[in-house]
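Only a predicted model underlies this, so the values are computations on that prediction, with no experimental measurement involved.
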Amino acid sequence: MSTSSAQSKTVPTRFLIISDTHNFQFGEAERCDGSFTQPTPKCDVLLHCGDLTMGGELGEYEKCLNMLSTIPAELKLVIAGNHDMTLDGKYWRSHLGNHTSYRGMKLSDHEEAVEMWKGDAAQQAGVTYLDEGLYSFTLKSGATFNIYASPYQPEFCSWAFPYERDEDRFNPLGKCTPGFKSIVENPIPDFPGVDIIMTHGPPAGILDETKGGNNVGCESLIRAAGRARPALHCFGHIHEGYGALVVDWKEDGSIMGEDAVESRREVEENPYPEPLEQPLERGKETLMVNAAIKNRRYRPAHAPWLVDLELPRAEPTSATLLL
């Protein structure tokens with residue numbers, strides 16, 4: 001994070017990306033030769049792509065916030081995942097009592113969970129919890145970025161934040177996936193409207209293969225990513241899909257979905273705790289990152305991803321000199 005571009009139009013900005021921590025606490029990774037240990041490397045922004053817990057219990061959230069509070073970052077952005085059941089109010093109201101793990105939990109846990117992640121506890125941990133939508137942030141360095149966040153993924157084993165596989169949640173009506181039912185409320189904008197996409201689930205065909213060999217990513221999400229062409233799209237959900245690759249998009253922006261992908265270049269090794277050096281051509285390339293910390297056996301064997309991005313410099317605000 002040098003200052004060599006101090007007067008340029010961009011600012012180098014370091015992101016620490018994690019997902020699927022599932023009640024992780026520092027000290028656990030050492031037992032399985034994992035790399036998510038303290039101290040964590042310096043970063044400007046922490047991104048957590050969901051599955052904070054195993055079952056959305058209030059005590060689990062408290063432990064997660066305590067863990068996140070120990071990671072030094074100017075900005076810590078967090079979304080939920082399918083395991084964080086009590087953060088999905090619609091799901092929780094309709095599924096309470098349908099599973100033995102819910103015993104001892106109550107309907108009001110949803111309101112208490114939201115308060116925990118949006119109230120004083122989150123503020124003390126330095127955490128900003130994001131519902132689905134588009135957000136803009138400006139850092140002390142002057143770096144500014146737009147990020148689209150969503151905890152939703154195609155229905156998965158009757159867990160939270162679901163939508164059906166033939167429903168399009170991410171594209172506007174005129175660009176809906178053919179044959180899909182549009183349920184869009186917060187569409188992902190076209191390029192260059194978003195710098196980063198952070199979802200819990202992966203897009204179709206991108207780091208989404210299960211242990212059974214099935215690709216379970218979302219078709220409407222890869223369609224939206226191809227329209228948006230962000231610098232970074234990070235996610236988790238499929239533990240065995242952990243990794244990173246660079247997608248090269250076709251020049252013809254009218255081509256949609258997986259057909260818009262010109263090529264994929266796999267990142268062969270995660271250099272953590274060193275940053276990934278991956279220059280990107282905006283509008284042409286997107287770094288895709290599956291940042292699941294837990295492996296398919298729910299052991300914290302995977303390392304976070306440390307990524308440097310060149311972000312736009314915020315325009316200086318005008319000021320009036322008072323004499």
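For Tyr242 and Trp305, the distance between ring centers is under 6.0 angstrom. Taking the six-membered ring for Trp, Tyr152 and His200 have ring centres at least 6.0 Å apart. Ring to ring, His233 and Phe235 are close: their centroids are under 6.0 angstrom apart. In this structure, Phe36 has its ring center no closer than 6.0 Å to that of Tyr272. Under the 6.0 Å cut-off for aromatic ring centres, Phe161 and Tyr163 do not qualify, their centroids lying 6.0 Å or more apart.
Heavy-atom minimum distance, Asp195 versus Phe145: OD2-CA, 3.3 Å. Nearest heavy-atom pair across Ala314 and Thr138 is CB-CG2, 4.0 Å. Taking every heavy atom of both residues into account, Ala228 and Ile197 meet most closely at CB-CD1, 4.2 Å.
A salt bridge is absent between Arg223 and Asp168: the closest approach of a Lys/Arg side-chain nitrogen to an acidic carboxylate oxygen does not fall below 4.0 angstrom. By the 4.0 Å N-to-carboxylate-O rule, Glu310 lies too far from Arg282 to be salt-bridged with it. Contact check on Asp44 versus Arg14 returns no salt bridge, with no Lys/Arg side-chain nitrogen under 4.0 Å from an Asp/Glu carboxylate oxygen. Taking 4.0 Å as the cut-off between side-chain N and carboxylate O, Arg265 and Glu285 count as a salt-bridged pair. A salt bridge links Glu132 to Arg169: at least one charged side-chain nitrogen sits closer than 4.0 Å to a carboxylate oxygen. Between Asp20 and Lys294 there is no salt bridge, since no side-chain N of the basic residue sits under 4.0 Å from a carboxylate O of the acidic one.
Side-chain contact between Arg165 and Glu155 is absent, with no heavy atoms from C-beta onward closer than 4.5 Å. Counting heavy atoms from C-beta on, the side chains of Pro202 and Ile238 come closer than 4.5 Å. Taking 4.5 Å as the limit, some side-chain heavy atom of Cys64 sits within range of a side-chain heavy atom of Leu52. Side-chain contact between Leu130 and Lys118 is absent, with no heavy-atom pair separated by less than 4.5 Å.
Rounding to the nearest 0.5 angstrom, the gap separating the CG atom in Asp208 from the CG atom in Asn290 is 9.0 Å. Annotation: the span from Tyr135 atom OH to Ile147 atom CD1 amounts to 10.0 Å, rounded to 0.5 Å.
The backbone N or O of Ile222 lies less than 3.5 Å from no partner atom in the side chain of Glu258, so there is not a single donor-acceptor pair. The backbone N or O of Val216 sits nowhere less than 3.5 Å from a side-chain atom of Asn214 that would complete a donor-acceptor pair. In this structure, Arg229 contributes its side chain and Gly283 its backbone to a donor-acceptor pair below 3.5 Å. Distance alone, capped at 3.5 Å, is enough to place a donor-acceptor pair between the His22 side chain and the Thr53 backbone. Proximity of a side-chain donor or acceptor of Thr144 to a complementary backbone N or O of Phe137 within less than 3.5 Å is detected. Counting only distance, with no hydrogens or angles, the side chain of Trp92 and the backbone of Lys106 share a donor-acceptor pair below 3.5 Å. Side-chain N or O atoms of Lys76 include none that pairs as donor or acceptor with a backbone N or O of Leu47 at under 3.5 Å.
When the shell of 6.0 Å around CG of Asp252 is examined, it contains more than 12 heavy atoms from other residues, nucleotides or ligands. Taking a 6.0 Å sphere around CD of Glu251, one finds it holds 12 or fewer heavy atoms contributed by other residues, nucleotides or ligands. Within 6.0 Å of CD in Glu30 there are more than 12 heavy atoms belonging to other residues, nucleotides or ligands. Open room surrounds NZ on Lys181; 12 or fewer heavy atoms of other groups in view lie less than 6.0 Å from it.
Side-chain contact annotation: Glu240 with Thr210, donor-acceptor N/O pair under 3.5 Å absent. For His237 and Asn82, the side-chain atoms include at least one donor-acceptor pair closer than 3.5 Å. If you check the side chains of His48 and Thr21, you find a donor sitting under 3.5 Å from an acceptor.
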*asked:* Under the criterion salt bridge (charged side-chain N to carboxylate O under 4.0 Å, His left out), I'd like the reasoning laid out for Glu262 against Lys284: C-alpha separation, chi angles, the key distance, then a yes or no.
replied: CA-CA 10 Å; Glu262 179 74 38; Lys284 174 63 177 172; 5.2 Å; no
*Go through Thr86 and Asp109 one step at a time and tell me if the side-chain hydrogen bond (donor to acceptor under 3.5 Å, both in side chains) criterion holds.*
CA-CA 6 Å; Thr86 48; Asp109 283 355; over 6 Å; no
*Do Lys250 and Asp259 pass the salt bridge (charged side-chain N to carboxylate O under 4.0 Å, His left out) test, and can you show the C-alpha distance, the side-chain angles, and the key distance before you say yes or no?*
CA-CA 8 Å; Lys250 291 180 179 176; Asp259 290 339; 5.9 Å; no
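When each of Glu57, Glu28, Glu60, His83 is paired with Asn23, the side chain to side chain donor-acceptor pair (under 3.5 Å) condition holds for Glu60 and for no other. Put simply, the residue from Thr128, Leu46, Thr13 that forms a side chain to side chain contact (heavy atoms under 4.5 Å, CB included) with Leu75 is Thr128.
When the side chains of ILVMFWY residues are joined at heavy-atom separations under 4.5 Å, either directly or via intervening members, Val289 and Met198 end up in a single hydrophobic cluster. Val307 is connected to Val45 through a chain of hydrophobic side-chain contacts under 4.5 Å among Ile, Leu, Val, Met, Phe, Trp and Tyr, so both are in one cluster. Taken together through direct or relayed side-chain contacts under 4.5 Å among Ile, Leu, Val, Met, Phe, Trp and Tyr, Val261 and Leu287 form parts of separate hydrophobic clusters. Following chains of ILVMFWY side-chain contacts shorter than 4.5 Å, one can reach Ile17 starting from Leu280, so the two form part of one hydrophobic cluster. There is a path of hydrophobic side-chain contacts, each under 4.5 Å, that joins Val127 to Phe24.
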